[in-house]
Peer 1: 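Would you mind keeping the following structure in view while I ask a few things?
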Number of protein chains: 2
Amino acid sequence: MADKTDSNPIASIYTDGACSGNPGPGGWGTVVCYSDGTIEELGGAAGATTNNRMEMQAAIAGLEFYSQRASGDAIKLYTDSEYVKNGITKWIKGWKSKGWKTAAGKPVLNQDLWEELDRLNQKQIQWEYVRGHAGNPGNERCDQIARAFSLGQSIQLRKGTQLEGNVTVTKPTTPKSTTYMETPAMATDLDSILKPLTIAQEISTQGFLITTQEVAVITGLTAATITSRGEQWHWRNWEVSRVREEGGQILWQLERSEV
Amino acid sequence: MADKTDSNPIASIYTDGACSGNPGPGGWGTVVCYSDGTIEELGGAAGATTNNRMEMQAAIAGLEFYSQRASGDAIKLYTDSEYVKNGITKWIKGWKSKGWKTAAGKPVLNQDLWEELDRLNQKQIQWEYVRGHAGNPGNERCDQIARAFSLGQSIQLRKGTQLEGNVTVTKPTTPKSTTYMETPAMATDLDSILKPLTIAQEISTQGFLITTQEVAVITGLTAATITSRGEQWHWRNWEVSRVREEGGQILWQLERSEV
RNA sequence: AGACACCCCCUUCA
DNA sequence: TGAAGGGGGTGTCT
């Protein structure tokens with residue numbers, strides 16, 4: 001059942017991706033809806049990418065956020081991409097059994113993100129398709145976030161507020177306090193700025209080994225990005241080193257670097 | 001050499017086929033290019049058929065037109081179907097010497113059209129493959145014609161005009177003399193006349209529910225036509241009734257009507 | 001196993 | 001209006 005330490009479980013998650021040009025600069029947006037009706041928004045941008053990758057990225061962010069909270073509640077994850085929904089719920093089985101070949105015998109594209117999505121996927125996640133631009137408030141808001149990021153515009157990510165039923169009015173919200181996010185990362189308030197840093201610090205001082213997934217959660221990077229960076233790389237104040245593999249999982253170590 | 005009664009010989013012929021559903025209602029388009037740069041267009045529709053039959057039909061129409069003019073000029077015939085090009089230039093020799101058996105020992109399909117194509121074929125015909133949807137104006141225009149016919153839409157076939165390099169502009173130019181061709185195309189033998197009827201009868205007696213696409217295949221109507229006919233309508237000996245929707249698909253029932 | 005074409009669907013853009 | 005990123009499927013042959 002649900003983790004009892006959490007009195008306000010996640011009820012549903014909305015995701016959407018956008019891409020300015022396809023391929024082109026992209027953005028993604030995710031809205032986490034809690035049982036009490038409040039919401040929390042995530043979003044990010046990416047360089048040259050495709051619409052479908054952004055749709056996937058939005059879902060990955062939602063699932064990472066979900067798994068991070070460790071509340072095993074059953075939730076619905078809404079996407080307006082049949083590509084994402086069918087891919088994770090139907091096609092991926094065939095892909096894995098056929099060595100990541102498409103029905104036409106060609107390699108499945110975006111395999112890196114598919115594998116990440118698959119790893120994050122759980123029984124509790126109920127994938128739902130919502131028609132895009134059909135007035136669904138959650139989806140509209142995600143679209144707004146994703147599009148803003150894809151255009152390099154600033155947008156205020158909200159937390160703890162209510163989702164407005166009337167989305168069409170949602171103007172380029174308050175271009176003041178630019179909570180702009182550079183890349184796949186999330187920082188919606190002061191706490192969430194400090195939190196990953198202190199955690200990283202603790203891990204580093206304790207010498208803990210952590211998995212790729214955990215590195216992803218802390219850094220806000222995708223697992224694909226992490227593994228592609230090689231044996232040793234920098235993140236903020238830390239040097240991230242690949243230590244070894246264990247049970248199919250890569251283990252990493254953080255060490256405070258001098259800068 | 002060239003027939004001297006003709007001062008404006010044919011230079012090349014483009015052909016293409018389309019099929020709405022495959023199998024399903026089909027269409028074909030052919031563009032004849034003269035030496036002086038003017039063109040003449042042919043096109044036609046067919047009921048339940050396949051993409052490959054339509055590709056062949058387009059070539060047959062082009063060759064019939066060519067042989068009719070009796071100008072023995074060497075021409076190039078462009079098709080985007082390797083099936084057609086390889087079939088007529090390579091495979092057909094083996095088929096004829098092996099009694100119309102495929103390399104796998106199975107009967108060669110569409111033998112009727114292959115024989116017709118073979119009869120029309122000449123030394124002067126130089127078969128050329130062009131990649132489909134690659135911007136080739138002649139191929140692009142054929143595609144447009146073929147698709148229009150396959151969808152049951154009307155399209156203005158042109159004659160004497162220039163082929164526009166910019167195909168996307170292709171306006172309904174010269175809405176006079178509609179060289180529209182009804183083209184029976186499919187009912188080549190008794191079996192193909194009877195078959196849809198017996199199938200319709202079986203479906204009606206068994207009370208089976210069938211999809212719009214299946215109705216299209218049986219009746220030779222386009223899906224657009226079918227859905228536009230409303231809840232209940234007549235086809236041949238049957239009353240076609242829209243029963244319900246299921247998984248985004250409309251289900252229909254056939255009932256034998258008195259008439 | 002390969003190739004070409006045809007179709008259906010969704011999304012993202014211009 | 002038209003184009004790209006993506007999937008599933010059929011028509012056909014070697």
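Naming: A, B, ... by sequence-line order, numbering from 1 per chain. Keep in mind that what you see is a predicted model, and the values were worked out from it rather than measured.
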Peer 1: Taking atom types as modelled and ignoring hydrogens, do the side chains of B:Gln111 and B:Glu115 form a donor-acceptor contact shorter than 3.5 angstrom?
Peer 2: yes

Peer 1: What does nucleotides 8-14 of chain D look like as a protein-contact string, B for base, S for sugar-phosphate only, - for none, at under 4.0 angstrom between heavy atoms?
Peer 2: SSBBSSS

Peer 1: Starting at atom CE of A:Met54, determine the distance to atom P of D:dG6, rounded to an integer number of angstrom.
Peer 2: 11 Å

Peer 1: Check salt bridge (charged side-chain N to carboxylate O under 4.0 Å, His left out) between B:Glu40 and all other residues, then give those that pass, not counting sequence neighbours.
Peer 2: B:Lys159

Peer 1: Base, sugar-phosphate alone, or nothing: which one does B:Gly24 contact when heavy atoms must sit under 4.0 Å apart?
Peer 2: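 Answer is nothing: B:Gly24 stays at 4.0 Å or more from every strand.
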
Peer 1: What is the distance, to the nearest angstrom, from the CG atom on A:Leu117 to the C1' atom on D:dG6?
Peer 2: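 That distance rounds to 15 Å.
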
Peer 1: How would you list, by chain and number, every residue that makes a ring-ring contact (aromatic ring centres under 6.0 Å, His included) with B:Tyr83, sequence neighbours excluded?
Peer 2: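 Testing B:Tyr83 for ring-ring contact (aromatic ring centres under 6.0 Å, His included), a comparison that skips the adjacent residues, returns B:Trp114.
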
Peer 1: If every non-hydrogen atom of B:Ile145 is compared with every non-hydrogen atom of B:Leu42, which pair is closest and at what distance?
Peer 2: CG2-O, 3.9 Å

Peer 1: Ignoring hydrogens, what is the shortest heavy-atom contact between A:Asp80 and A:Arg131? Give both atom names and the distance.
Peer 2: CB-C, 4.4 Å

Peer 1: Please list, in 5' to 3' order, the outermost nucleotides of RNA chain C lying under 4.0 Å from any heavy atom of chain A.
Peer 2: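 Span of nucleotides near chain A: C:C9 to C:C13.
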
Peer 1: Using a cut-off of 4.0 Å on non-hydrogen atoms, how would the nucleic acid contact of B:Gly17 be classed: base, sugar-phosphate, or nothing?
Peer 2: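 Answer is sugar-phosphate: B:Gly17 comes under 4.0 Å of backbone atoms only.
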
Peer 1: With nearest nucleotides of RNA chain C determined for A:Gly132 and A:Gly105 from heavy-atom distances, which residue corresponds to the more 5′ nucleotide?
Peer 2: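 Looking at RNA chain C, the more 5' nearest nucleotide goes with A:Gly105.
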
Peer 1: Considering heavy-atom distances to RNA chain C, does A:Glu55 or A:Leu151 have its closest nucleotide positioned more toward the 5' end?
Peer 2: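 Comparing both residues, the 5'-ward one is A:Glu55.
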
Peer 1: B:Lys76: which residues meet the salt bridge (charged side-chain N to carboxylate O under 4.0 Å, His left out) condition with it, sequence neighbours left out?
Peer 2: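 In terms of salt bridge (charged side-chain N to carboxylate O under 4.0 Å, His left out), with neighbours along the sequence ignored, B:Lys76 is linked to B:Glu128.
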
Peer 1: What ring-ring contact (aromatic ring centres under 6.0 Å, His included) pairs are there with at least one residue in residues 115-134 of chain A, not counting sequence neighbours?
Peer 2: none

Peer 1: Considering every strand and a 4.0 Å limit on heavy-atom distances, what is the contact class for B:Asp143: base, sugar-phosphate, or nothing?
Peer 2: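 B:Asp143: backbone/sugar contact only, no base atoms under 4.0 Å.
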
Peer 1: Are A:Asp118 and A:Lys96 ion-paired here, with the side-chain N under 4.0 Å from a carboxylate O?
Peer 2: yes

